[in-house]
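Letters A, B, ... are given to chains in the order of the sequence lines, protein chains preceding strands, and every chain is numbered from 1. Note that the structure is predicted; figures quoted are calculated from it, not measured.
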Amino acid sequence: MLDVTKSGLGTDARARSRLVSLCVNGEWHEVAVKPRVTLVEAIREAIGLTGTKAGCESGTCGACTVLLDGRPVLACITLAVECDGAQVRTVEGLADGEKLSALQEAFLDQGALQCGFCTPGMLMSATALLERSSQPTREEINKALEGNLCRCTGYNAIVDAVLQASDQGVKPVMK
Amino acid sequence: MKPGAPEVHPTHPKVTDPYSNIGGKSETEWGDVERGFAESDYVREDRFESHLRTHGYLEPHVTLAHWEGDKLNVWTSSMGAFVKRAKLARTLDLPYSAVRIHKTYVGGTFGGKIDLYSHEYCAARLSMITGRPVRIVASREEIFSAFRHGQPLAMEIKTGVRKDGTIVAQRIRVINNSGGFRGSGVVVIFLAWGFTMIPYRIPNLRYEGFSVYTNHPVRAPQRGHGAPQIRFAIESQLDRIAEDLGIDPITIRLRNARLPGERLPNGDNVHNAGLVECIRIAAGKSGFLEKYGRDRRSPPQGTIRRGIGIGVSAYMGGTLIYPNGSAVIVKMNDDGSAIVLTGAIDIGQGAETVISQIVAEELAIGMDDVKIISSDTDATPQDIGAWISGMTYVTGNAARQAAGNARDKLIAVASERLGVPVGDLAAKDKVVYSTRDPSARMTYREVIAASVATRRGDTVIGEGYWRTMRDEPNHPSLATTKGRWTENYAFSAQVAEVEVDIETGEARLVKALTVHDCGFPVNPALVKGQIDGQISMALGHAFMEEVMTKDGYTLNPNWLDYRMPTIHNMAVSEDADVITEQYRVGQPYRTKEVGEGLVSGILAAMANAVYDATGVRLNSTPFSAEKILYGLKALEFEQKRSQPKETVGA
Ligand code: FES
Ligand code: FES
């Protein structure tokens, strides 16, 4: 388990910590991390933003997806030291204060989440998709979300939410 | 299991001679099975096997324990705070009052987080020893290798029927490879009997289930808990019987389906069982009989074959098992809003949403006026937990009672103040008013102030309690199956349409239709979410997922090698609920199970659809490309052999 000690995040006493600057959701953070510390550990344990989830810590589930300089990456297989000076966006950065993003609203409306554990990763992958393609096709949605596992919803509601958020004729369910 | 085999637990008392390693047995019988077979026009025997799968919850097991000298605080990923507390307190030999399970949001469970796990015990014990908080998170590899998976069953089924397909007698033997310890191994063989006897009438039955100790990790319950396995077996065999007799799959099911008001062998009544409607509507909506057999009769060009299949299932809701019942408290705030205290745990099924809805409805206040405090063993009342498909029914009705109790108190005070009889008062939008003279009205705020002013300072608090079958003893016997279960049985018929590539053997689910009687759907969007999730899980069961083990080790302990459905594997999932209008009137809320039974009929439907597409009958899950291809080759070989040798002598 990780420890935030005086010498920085990580437990390897033989390795020196390095100072890494991350701009997370528009705020700069300087964190001291051992070389083996991953980006998801830095975000969750050092910066304290626990919205980003870790389901496998081996790059297979997508729950840890964040946007690194605008591109979705798996934060569990990205080392924090690689990200010095980077812009990071996490699920906490999607809403504008109390106002959820259109995609978040659509997820709520379509019931695109149950336990919610996959949701932060799904939202980040889908946000990146919508930022590069405002009206993605079903195939593009499938491609963009293929690395994000969801065990609860069966995915149909998630695709509908992305279609709804991009104004492609999917009607709101609850409103 | 073989008589004389080395015992996994040599010191355990022998449960059943002559067999070895029996951890428990479930046994029941009614009618006269042998006579039933003798009187049958057709008898068939088959053996089926299911394989080892796992839950695949996205959130790993995680536990944080903090011992504070006289109090153990625990945050853990679970399916019911009160069950966890009971197990943990007993294991640690602490009074229940010294263990507090705090609320957590849980990232999926599907049966895999009910049992008390060793990491939970270890975190607690280590914190008690060190006085420091201890957190243990399982890695995915550990979950695959050392935690508990589902329960693979072997099922032998002998069924006798009349010419018209009516079941006369059935003999069923179920063997569970339960791993090194008892776990819930006996529960699953007991439940497999239940899922046998609910949907169809079986006048004569003999059932034997064995839970067998093996050199494997101990097993956990898994969504459906025996239903997917046994329904796959029974529904597959029923299709074969139908074909052997020249009956179609719909007719044979309608002939045997239970009707409303029937009494089950355990003494329960199925009440308004919508099974017949389910089968009829499923057949109609899917165009079943027009599609059935089409590609086998006239194979299309190319290598893709399409098939359709149906499966039927039923599931009980809120069965008696510790803690048996739920209580809910509704506290009115001075402004007419409400705080709900409930032990219910939200694992993604929407427990908090549904309970808030019920309280809002009964109190005639808005959803935004309801604040819920849940799943904390110190702060909230006892709750059955999210693992026996009864939370909406049991906790939901406790919530209805609690809110109704608070509303009655509000109305009683208003009646005194307004001088209007209670019977003439109604509540709407946080106002109590006279139905004869709507100008005689008081807001909830005024009523609560009046209650405090005139009734010794009494504020308004409602209490509610619920459990299924109040006059029954705690729960049925696993060994003898005696004892009643519940007053709520959900029924379903599901249709699968699959495509099989006969060149590669690969099969996929294209379309699923679920027609079900789930009682009153309190929140239709949540019901739909449960259905879609179960379709996805079942198609993983059917075509993709298998935990491979060798000498007790897991060979594929990650999601690259254990393949769960991704977004590319999803199928169209349609659904319809039947007879719900019968539940719309009157109280209590007749809600039934919807969160786990629907992995079953669809699994059977997929097996039957693979047969319909290819003529290949698979007696074991998963329906892998290898097995289908092997089956196709075997058919080809058969065909060649039986063809007349016209070239002889030419
Ligand atoms: S936690 Fe990063 S992919 Fe699973
Ligand atoms: S909502 Fe639970 S894993 Fe996706």
Can Arg508(B) be said to sit on top of Phe543(B)'s aromatic six-ring, NZ or CZ under 6.0 Å from centre and within 45° of the ring axis? no

For Leu560(B), is it the side chain, the backbone, both, or neither that has a heavy atom closer than 4.5 Å to a heavy atom of chain A? both

Structural part of Glu57(A) lying under 4.5 Å from a heavy atom of chain B: neither

Phe110(B), part contacting chain A, at a heavy-atom distance under 4.5 Å: side chain

Residues Glu146(A) and Lys143(A) bridged, charged N to O under 4.0 Å: yes

Which atoms of Gln530(B) approach chain A - backbone, side chain, both or neither, heavy atom under 4.5 Å: both

Side chains of Ser573(B) and Asn156(A): do they bring a donor and an acceptor to under 3.5 Å? no

Largest heavy-atom contact set with chain A, pairs under 4.5 Å, which of Pro565(B), Gly348(B), Gly533(B), Ala525(B): Gly348(B)

Side chain, backbone, both or neither: which part of Ser139(B) has an atom under 4.5 Å from a heavy atom of chain A? neither

So what's closer than 4.5 Å to chain A heavy atoms on Ala571(B): side chain, backbone, both or neither? backbone

By a 4.5 Å heavy-atom criterion (distance strictly below it), what part of Thr153(A) contacts chain B: side chain, backbone, both, or neither? backbone

In terms of side-chain geometry, is the basic nitrogen of Arg223(B) or Glu596(B) positioned less than 4.0 Å from the acidic oxygen of its partner? no

Chain B: which of Val159(A), Ile141(A), Thr60(A), Leu145(A) shares the most heavy-atom pairs with it under 4.5 Å? Thr60(A)

Worked check of ring-ring contact (aromatic ring centres under 6.0 Å, His included) between His568(B) and Tyr155(A): CA-CA 9 Å; His568(B) 292 298; Tyr155(A) 303 102; 9.3 Å; no

Can you tell me which portion of Ala54(A) sits under 4.5 Å from chain B's heavy atoms? Options are side chain, backbone, both or neither. backbone

Contact summary for Leu598(B) and Ile531(B), nearest pair of heavy atoms: CD1-CG1, 3.7 Å

Parallel, tilted or perpendicular: which one describes the rings of Trp75(B) and His102(B), with boundaries at 30° and 60°? parallel

